[in-house]
J.: 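Dropping the structure in here first, questions after.
Just so we're clear, the structure is a prediction, and the values are computed from it rather than from any experiment. Residue numbers count from 1 along this sequence.
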Amino acid sequence: QVQLVESGGGLVQAGGSLRLSCAASGLRFRDYALGWFRQGPGKEREFVAAISVSGGNTYYADSVKGRFTISRDNAKNTVYLQMNTLKPEDTAVFYCAARSSAYRHSYFPDRSEYDYWGQGTQVTVSS
């Protein structure tokens, strides 16, 4: 049974930082491409960041480019999202997602391409 469990969310002031973690189990982690998505109040779930199987290829939404960094640790079966210079508009529930990929250098910004999702972690940024 595949499980993705996010952690690290919380309340932070604008300009602050948080690091989200997503621990995976029940899958061969090193064969999976990973992504982070978020859903703000009254909004649809949107793409934030993605990382390839190899870990050497990443892709970001324009709104977070230069502020957020996605990374993975295959030894720990964990994907991270380092979030710096947070803004009130970053307030959302953040979800990690995983999909198997035969292409080691591909990333996937489309949420429909993912097979597994975590339950989400709330990030609230106060002004």
J.: Checking Lys43 now: which residues fulfil side chain to side chain contact (heavy atoms under 4.5 Å, CB included) with it, not counting sequence neighbours?
T.: none
J.: Between Asp90 and Met83, is any pair of side-chain heavy atoms under 4.5 Å apart?
T.: no
J.: Would you list the pairs meeting salt bridge (charged side-chain N to carboxylate O under 4.0 Å, His left out) in which at least one residue belongs to residues 46-55, sequence neighbours left out?
T.: Arg38-Glu46
J.: Under the side chain to side chain contact (heavy atoms under 4.5 Å, CB included) test, which residues partner Ser71, sequence neighbours left out?
T.: Tyr80
J.: What distance do Leu4 atom CG and Thr78 atom OG1 have between them, rounded to the nearest 0.5 Å?
T.: 10.5 Å
J.: Any side-chain to backbone donor/acceptor pair from Glu6 onto Cys96? Under 3.5 Å, distance only.
T.: yes
J.: Are Tyr32 and Leu81 in one and the same hydrophobic cluster, where Ile, Leu, Val, Met, Phe, Trp and Tyr link if side-chain heavy atoms are under 4.5 Å apart?
T.: yes
J.: Give, for atom CG of Leu11 and atom CD of Gln122, the distance between the pair rounded to the nearest 0.5 Å.
T.: 9.5 Å
J.: Which residues pass the side chain to side chain contact (heavy atoms under 4.5 Å, CB included) test with Thr85, sequence neighbours left out?
T.: Arg67
J.: Under 3.5 Å, sequence neighbours excluded: what are the donor-acceptor pairs made by side chains of residues 13-24?
T.:
| unit_1 | atom_1 | unit_2 | atom_2 | d |
| --- | --- | --- | --- | --- |
| Ser17 | OG | Asn84 | OD1 | 2.9 |

J.: Under a single-linkage rule joining Ile, Leu, Val, Met, Phe, Trp and Tyr whose side-chain heavy atoms are separated by less than 4.5 Å, which residues share a cluster with Phe108?
T.: Phe37, Phe47, Tyr59, Val93, Tyr95, Tyr107, Tyr114, Trp117
J.: Whether the side chain of Ser54 engages the backbone of Arg104 through a donor-acceptor N/O pair (distance < 3.5 Å, no angle test) should be reported.
T.: yes
J.: Is there side-chain contact between Phe68 and Leu86, with heavy atoms separated by less than 4.5 Å?
T.: yes
J.: Hey, could you give me the CD1/OH distance between Ile70 and Tyr60, rounded to the nearest 0.5 Å?
T.: 6.5 Å
J.: Checking the side chain of Arg72 only, and the main-chain atoms of Phe29 only, is there a donor and an acceptor separated by less than 3.5 Å?
T.: yes
